[in-house]
Amino acid sequence: MLISTHTALRNKIGYEKNIELLKKAGFTAFDLGLDGPNDIIIESRFNGDDYREQAYKLREFADSIGLPCNQSHAPYPSHVEQVNSYFERALECTAEAGGKICIIHPMCFATVEENAE
């Protein structure tokens with residue numbers, strides 16, 4: 001069983017340092033965060049035409065220290081049209097980084113009472 005957590009510190013210290021710290025903390029995998037600092041756009045590292053190469057380079061680094069990517073989180077919130085345009089890219093980045101799952105959180109605008117019906 002792999003135990004992972006999100007690369008939430010990447011905006012402050014970068015992906016590589018974040019992954020190193022996760023390894024030191026005892027995690028056995030990492031969850032690649034693809035959402036940007038404002039949770040609206042895909043992380044800028046993966047915004048260029050070379051996004052697949054960037055994701056693969058991250059995989060090579062993580063593999064070199066023995067911490068695989070097991071999953072990712074796509075940009076959020078999913079109901080924003082600008083974010084929807086990045087879902088395919090998020091899936092590609094996940095695959096290149098070695099992840100098997102890309103989590104896309106749905107949005108629900110119903111109230112608690114409406115959901116109970």
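Small disclaimer: the values here were computed from a predicted structure and weren't measured.
- Considering CG of L22 and OG1 of T28, their distance stands at 10.5 Å, rounded to 0.5 Å.
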Next on the checklist: Show, in sequence, the C-alpha distance, side-chain angles and deciding distance for K17 and K12, and conclude whether the side-chain contact (heavy atoms from CB on, under 4.5 Å) test is met.
Outcome noted: CA-CA 10 Å; K17 184 67 174 173; K12 295 189 184 296; over 6 Å; no

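- Using a 4.0 Å cut-off between a side-chain N of Lys or Arg and a carboxylate O of Asp or Glu, E96 and R52 do not qualify as a salt bridge.
- Rounded to the nearest 0.5 Å, atoms CZ (R89) and CZ (F46) are 10.5 Å apart.
- Shown here for N18 and R10, the closest heavy-atom pair between the two residues is OD1-N, 3.1 Å.
- The structure places CD of E88 at 11.5 Å from SG of C102, a figure rounded to the nearest 0.5 Å.
- No single ILVMFWY cluster, assembled from side-chain heavy atoms under 4.5 Å apart, contains both I101 and L91.
- Under a hydrophobic clustering in which Ile, Leu, Val, Met, Phe, Trp and Tyr are joined whenever their side-chain heavy atoms come within less than 4.5 Å, directly or via other members, L9 and I3 fall into different clusters.
- Linking ILVMFWY residues whenever their side-chain heavy atoms come closer than 4.5 Å, directly or via other members, places L34 and F61 in the same cluster.
- Not a single donor-acceptor pair under 3.5 Å links the side chain of D31 to the backbone N or O of S4.
- For the pair K100 and T94, the tightest heavy-atom approach, listed with the atom from each and the gap, is N-CG2, 4.4 Å.
- The distance from atom OG1 of T7 to atom CD of E16, rounded to the nearest 0.5 Å, is 10.5 Å.
- At distances below 3.5 Å, at least one donor-acceptor pair connects side-chain atoms of Y15 with backbone N or O atoms of G33.
- Scanning both residues, D63 and P68, for their nearest heavy atoms gives OD1-CA, 4.4 Å.
- With values rounded to the nearest 0.5 angstrom, R59 atom CZ is found 12.0 Å from L32 atom CG.
- With rounding to the nearest 0.5 angstrom, the CZ atom of F30 is 3.5 Å from the CD1 atom of I19.
- Within 6.0 Å of CD on E60 lie more than 12 heavy atoms contributed by other residues, nucleotides or ligands.
- Closest non-hydrogen pair, C69 versus A97, comes out as CB-O, 3.4 Å.
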